[in-house]
Amino acid sequence: MKTRSPGHDKSGLIRVVIDGRAFDVPPGSTALDALCAAGLEVPTACHDPRLKPSGACRLCLVRVKGQNRPATSCALPVFEGMELEVDTPELQEMRRGELKLLAHRYPKGLIESFPEKPFHRQLVKEGLDSTVDGATNPSEIDATNPYFRFDPSACIECYRCVRICDELQGSNVWQILDRGTGVRVAPDAERFGDSTCRSCGACVDACPTAALVDKTRIESGPAETWTRTTCPYCGVGCELNVGARGGRLVQVLPVIDAPVNKGHLCVKGRYAFTYVDAPDRVTQPLIRKNGTFVEVAWDEAVAFVAEGFQKILADRGPGAVGVLGSARAPNEDNYLAQKFARTVLGTHNVDCCARVCHAPTAAAMKAVFGTGAATNSFDDIERATTILVVGSNATECHPIVGERILQARRRGAILIVIDPRKTDLAREAHVHLPLRPGLNVPLLHSIAASMIDEDLIDREFIAGRVLEFEAFADFVEAFAPEKVAAQVGVDAVLIRRAARLYAAGKPSMCFHGLGMTEHLQGTEGVMALCNLALLTGNLGIEGSGINPLRGQNNVQGSAHMGCEPNHLAGYVPIAAGREKAERLWGQPIPDQSGLTLMQMIDAAAAGQFKGLWAIGYDVLDTNANASATRHAMSQMDFVVVQDLFLNETAKEFGHVFLPACSSFEREGTFMNAERRVQRVRAAIPPVGEAKADWEIIQLVAAAMGHPQGFTFASAEEIWNEVRQIWAPGGGMAYARLEEGGLQWPCPDEDHPGTTVLHEKAFPMGPKATLQRIEFTPTEEQIDDEFPILLHTGRSLYHFNAGTMTMRTKNAEIRPTDRLDLHPVEFDAGGFGEGDRVRMRSRYGEAILPVHRCHDVLPGQAFATFHDPTVFLNLATSPVRDRVVGAPEYKVCAICVEKAT
Ligand SMILES: Nc1nc2c(c(=O)[nH]1)N[C@H]1C(S)=C(S)[C@@H](COP(=O)(O)OP(=O)(O)OC[C@H]3O[C@@H](n4cnc5c(=O)[nH]c(N)nc54)[C@H](O)[C@@H]3O)O[C@H]1N2
Ligand SMILES: Nc1nc2c(c(=O)[nH]1)N[C@H]1C(S)=C(S)[C@@H](COP(=O)(O)OP(=O)(O)OC[C@H]3O[C@@H](n4cnc5c(=O)[nH]c(N)nc54)[C@H](O)[C@@H]3O)O[C@H]1N2
Ligand SMILES: [Mo]
């Protein structure tokens, strides 16, 4: 296993003398970096640590001894023995002069309104603020973006906005226009609202003046406190600096030195936080009385929950109840949820939404490599020569990773994309394989076959680390590209090109998403993907590996904490971990596995499962084939929903609602997709009477007469118990997670964490086995009545059930779901852009706006599932993964007609 130690090797440092004092700085530093290291401040406007130096503003002038002319320190590389003059009267005057020029006609009022902006601070420091006398021209202000406003009168042409949009976000929204009257910056449309801007806010964050300002900052005033925490949305795990004022969130900024996001965020992390104080946030417990929810005190709600479960336990035993942990809530809360199921209810009926998401990945990778999690780290994106992206729309679903991949591609990395749609990444790929949905297994086998028959494989790695090569080689011959091309819908030449690039361009790093997992053959597909890494030796080295882009902020953690019916904390099978858990918990737990979420739903439909506690999981809205879920839930006697909002499950089936804190209101940890555990910190107090999930679980445990094991005083105390039961996490004390977090395995407190798995061996031994997977096609096929193949997924602006993002201004940008149709079907249907259409499958229907586009292939359609009023899952199919039961959200035969 590979570890990387933090800090620099002192021996490689470069000595620089600044105003007579010597400082050692790392190679590659600029003179400005050296000044910072020396604690000296010179004014800067165009400099941003996230960007390549530009030297445009000429504020940071210094003089190198022996050279005639002053130089801009931001663009000046250090060399051994360099001597710098900084604080001389001549240089001070020159820098002041440059600052004065920039401040020429700067709007004075803005300096007072936004004192925190760097340019304003510098003007005040130099006493130049009083000399400024410009004014804003209100008619020029562009406030058409929902989240920020652009005031061109405050632009000092530092071009940080232009550069950050290009260098970090890869969007190039900002243009430099020369209109005769002078150079100015502007978005790529008359107004922001019409531009290609994706509202990541990077330009606002980079802008040193008040030309770009967040609207929440204008409306709410400056933050009084700043708290470093982890983003509540996807599994990338970006770190945020959260600004609060008077107990309310006012602004979110990226953490500049965060290992994952490195000073960047997407529109959700940066701006979509106003759900926290949405007017319909539920902040008081509710019990349904005579059909309607009424507010009650916590005592009453907790007693009601305890009695509800006790009654079912008495009548039917522990097999009839279950708990769903929340992939949105911290590790500590999920650990306690599964401990509650196992020790208080006495059942392994505990699951989480990993079931419908990457459970196939975890099962496949555990079976093949011995560990069911990503093998490498996001930092390997910049180390990989080739990047293979399979069934992942990373620029929308994991934007910071997607943008890092785009930047790597632009710097020369080879990019291969396997996706039926022309995603952003597919558009920029060297090779895009637009396969038919559901055919990953034959396509991946054909890549393997072509690597073997063209002898592109790593024979040395295979000899030392791989089992059953000969048998596998014989097996995949039948999948040669020329044999499967027609079936998978991809030209054999393209398949061979992809195989050559992946095999020859080592190290090759693979990322995959739900286009791999949400299929009848989801687990098998991931196994077929693992084969490619084994054949080419793309394991155990930096810049390689198989890396699932896990979904929610803490879905990796939720399952890993034991919200899994077959596994205890650490993804340890029940049989292997039971004794240790029983010892720690001081009581016996069942020896048989529990029910998965899907099995709970089936058992409920059969009248055998009666009580469910759904923590932060809107099962009714998000499960496939919703009418079956609806029927099953109608057969339950007792449904407890614990969430921030009355979600669809709560509205239709909740008997009691327990209001939980959002992640901005509590302490804990999240685990991201690269096995990194990071701190979650309270930036504001709980809203209303909301409580942290773990506190609610403890109250119910006590009310059920089982307080032992549920008397923790803090999230940290819970985490310390987790560290006892989960050895590879043992070294991750809170004190070590202060900044940036740690990646497991991290077994002791001196261990630096692990960035690359399987360096020398796999957990089960030196060798892993190539998987000979037969292809089993799904039964869900098109026919005359249902001629279009639908696959469902996501858009950048909304998150899953939409509970959070639909309560933010993201809903102004993307008000509802959308059905994307190729012009062939769109025109044949006689639709107009944005028309509402009825999309019907064999299982149900949904009505939503239609969009004409070339990103989907003829005969296919793509729809998002974020708007509960559309309720797309009424149409998705009952087919499930053959191994772990994940629904086949990615294949569904439909027909589309005008909705009258
Ligand atoms: N903005 C946003 N971000 C999110 C989420 C969100 O709702 N919104 N949700 C989070 C969650 S829970 C998850 S799990 C992740 C999901 O992240 P992704 O897995 O990236 O998301 P999807 O859009 O579901 O599907 C990914 C891609 O699979 C492709 N695909 C469909 N069928 C096939 C197939 O048969 N083979 C191949 N190779 N590709 C196929 C689709 O065209 C799509 O581009 O995103 C997380 N991040
Ligand atoms: N058609 C279709 N359907 C799909 C998919 C698809 O690709 N296509 N993808 C599936 C996938 S991958 C997933 S993961 C599921 C996601 O399905 P869900 O997990 O139901 O969706 P989310 O919107 O992520 O959020 C769940 C709930 O958590 C609440 N919440 C947020 N933070 C907290 C907290 O700290 N505590 C508590 N108690 N609650 C909190 C939110 O308010 C929200 O109601 O959807 C699945 N459904
Ligand atoms: Mo997910």
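Numbering starts at 1 and runs along the sequence shown.
The closest donor-acceptor contact from the side chain of Arg818 to the backbone of Leu848 lies at 3.5 Å or more, if one exists at all. Of the possible donor and acceptor atoms, none in the side chain of Ser29 sits under 3.5 Å from a partner among the backbone N and O of Ala34. Looking only at distances, a side-chain donor or acceptor of Asn553 sits under 3.5 Å from a matching main-chain atom of Pro232. One N or O on the side chain of Asp380 and one on the backbone of Gly543 form a donor-acceptor pair closer than 3.5 Å. Between the side chain of Thr423 and the backbone N or O of Ala426 there is at least one donor-acceptor pair closer than 3.5 Å. The main-chain N or O of Gly505 is found under 3.5 Å from a side-chain atom of Thr386 such that the two form a donor-acceptor pair. With hydrogens and angles disregarded, no donor-acceptor distance shorter than 3.5 Å links the side chain of His512 to the backbone of Gly391. Using modelled atom types, no side-chain atom of His120 and backbone atom of Glu112 make a donor-acceptor pair closer than 3.5 Å. Between the side chain of Arg807 and the backbone N or O of Gly802 there is no donor-acceptor pair closer than 3.5 Å. A donor-acceptor pair under 3.5 Å is absent between the side-chain atoms of Glu98 and the main chain of Leu59, judged by distance alone.
The two residues Glu239 and Pro259 come nearest to each other via the heavy atoms OE2-CD, 3.4 Å. The two residues Leu128 and Arg96 come nearest to each other via the heavy atoms CD2-NH2, 3.7 Å. When all heavy atoms are compared, the tightest approach of Leu102 to Ala45 is CD1-CB, 4.2 Å. Across all non-hydrogen atoms, the minimal contact from Met509 to Ser377 is CE-O, 3.3 Å. Residues Ile176 and Val183 come closest through the heavy atom pair CG2-CG1, 3.4 Å. Closest non-hydrogen pair, Cys266 versus Ile400, comes out as N-CD1, 3.9 Å.
One side chain, Asn800 or Arg794, offers a donor N or O that lies under 3.5 Å from an acceptor on the other. No donor-acceptor contact under 3.5 angstrom links the side chains of Asp188 and Gln175, judged on distance only. If you check the side chains of Ser153 and Asn137, you find no donor sitting under 3.5 Å from an acceptor. For the residue pair Ser199 / Asn145, a side-chain donor-acceptor distance below 3.5 Å is found, with atom types taken as modelled. Defined by atom type and a distance below 3.5 Å, a donor-acceptor pair is present between the side-chain atoms of His264 and Gln169.
Of the residues listed (Leu110, Thr209, Leu212, Asp142), the one engaging Asp151 in a side chain to side chain contact (heavy atoms under 4.5 Å, CB included) is Leu110, and it is the only one. Here the rule is side-chain hydrogen bond (donor to acceptor under 3.5 Å, both in side chains) with Tyr147, and of Thr216, Asn810, Asp214 only Asn810 fits it.
For the pair Lys262 and Asp257, the salt-bridge criterion is not met [side-chain N within less than 4.0 Å of a carboxylate O]. Ion pairing between Arg217 and Glu116 holds under the 4.0 Å rule for side-chain N and carboxylate O. Here Arg814 does not pair with Asp867 in a salt bridge; the nearest charged N to carboxylate O distance is not below 4.0 Å. Under a 4.0 Å N-O distance rule, the pair Asp827/Arg852 qualifies as a salt bridge. Taking a cutoff of 4.0 Å between a charged side-chain nitrogen and a carboxylate oxygen, Arg105 and Asp133 do not qualify as a salt bridge. Salt-bridge formation is not detected for the pair Glu126/Lys100: no Lys NZ or Arg NE/NH1/NH2 atom is positioned less than 4.0 Å from an Asp or Glu carboxylate oxygen. Look at Asp379 and Arg404 and you find a salt bridge, because one of the NZ, NE, NH1 or NH2 atoms lies within 4.0 Å of a carboxylate O, short of that distance. Salt bridge annotation for Arg163-Asp48: absent, with no cationic side-chain nitrogen under 4.0 angstrom from a carboxylate oxygen.
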Item to complete: Evaluate side-chain hydrogen bond (donor to acceptor under 3.5 Å, both in side chains) for His851 paired with Glu833, printing each intermediate quantity in order.
Response: CA-CA 6 Å; His851 170 58; Glu833 181 66 31; 2.6 Å; yes
Practice prompt. Evaluate the criterion side-chain contact (heavy atoms from CB on, under 4.5 Å) for residue pair Leu76 and Thr30; output intermediate values, then yes/no.
Written response: CA-CA 5 Å; Leu76 190 65; Thr30 61; 5.7 Å; no
Discussion item. Could you walk me through whether Cys46 and Arg58 satisfy the side-chain contact (heavy atoms from CB on, under 4.5 Å) test, starting with their C-alpha distance in whole Å, then the side-chain angles of each, then the deciding distance to 0.1 Å, before giving a yes or no?
Written reply: CA-CA 8 Å; Cys46 69; Arg58 297 193 54 78; over 6 Å; no
Discussion item. Determine whether Leu265 and Cys200 satisfy the following criterion, side-chain contact (heavy atoms from CB on, under 4.5 Å), listing intermediate values before the conclusion.
Written reply: CA-CA 6 Å; Leu265 288 174; Cys200 71; over 6 Å; no
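The shortest side-chain heavy-atom distance between Val213 and Phe114 falls under the 4.5 Å cut-off. Looking only at side-chain heavy atoms (C-beta outward), Gln678 and Thr229 stay at 4.5 Å or farther from each other. With a 4.5 Å cut-off on side-chain heavy atoms, Val86 and Arg95 count as touching. The shortest distance between side-chain heavy atoms of Arg50 and Pro254 falls below 4.5 Å. In this structure, the side chains of Cys161 and Val185 come closer than 4.5 Å at one or more pairs of heavy atoms. Residues Lys125 and Glu41 have side chains in contact (heavy-atom distance under 4.5 Å, counting atoms from C-beta outward). Under the 4.5 Å side-chain criterion, counting only non-hydrogen atoms from C-beta, Phe148 is in contact with Tyr271. Side-chain contact check for Val417 versus Lys422: every heavy-atom pair is 4.5 Å or farther apart.
Qualifying ring pair (Phe, Tyr, Trp, His ring centres under 6.0 Å) partners for Phe273, counting only residues two or more places apart in sequence or in other chains: none. Glu219 pairs by the side-chain contact (heavy atoms from CB on, under 4.5 Å) definition with Lys215, Lys809, not counting sequence neighbours. In terms of the ring pair (Phe, Tyr, Trp, His ring centres under 6.0 Å) criterion, Phe664 has no residue partners (sequence neighbours excluded). Scanning for ring pair (Phe, Tyr, Trp, His ring centres under 6.0 Å) contacts around Tyr233 gives Phe799, with sequence neighbours left out. Residues satisfying the side-chain contact (heavy atoms from CB on, under 4.5 Å) criterion with Ala394, sequence neighbours excluded, are Ser392, Leu425, Leu549. Residues passing the ring pair (Phe, Tyr, Trp, His ring centres under 6.0 Å) test with His398, sequence neighbours excluded: none.
The CG atom of Asp820 sits 8.0 Å away from the OG1 atom of Thr864 when rounded to the nearest 0.5 Å. Taking CG of Leu168 as the reference point, atom CG of Leu51 lies at 6.5 Å (rounded to 0.5 Å).
Judged by a 6.0 Å distance limit and a 45° cone about the ring axis, Arg421 is positioned over the six-membered ring of Phe862.
Ring geometry for Phe150 against Phe192 counts as perpendicular: the plane angle is over 60°, on a 0 to 90° scale with 30° as the lower cut.
A 6.0 Å sphere centred on CZ of Arg69 holds no more than 12 heavy atoms belonging to other residues, nucleotides or ligands. For CZ of Arg228, the number of neighbouring non-hydrogen atoms (other residues, nucleotides, ligands) closer than 6.0 Å is greater than 12. Counting heavy-atom neighbours within 6.0 Å of Arg248 CZ, excluding the residue itself, gives a total of 12 or less. When the shell of 6.0 Å around CZ of Arg198 is examined, it contains more than 12 heavy atoms from other residues, nucleotides or ligands.
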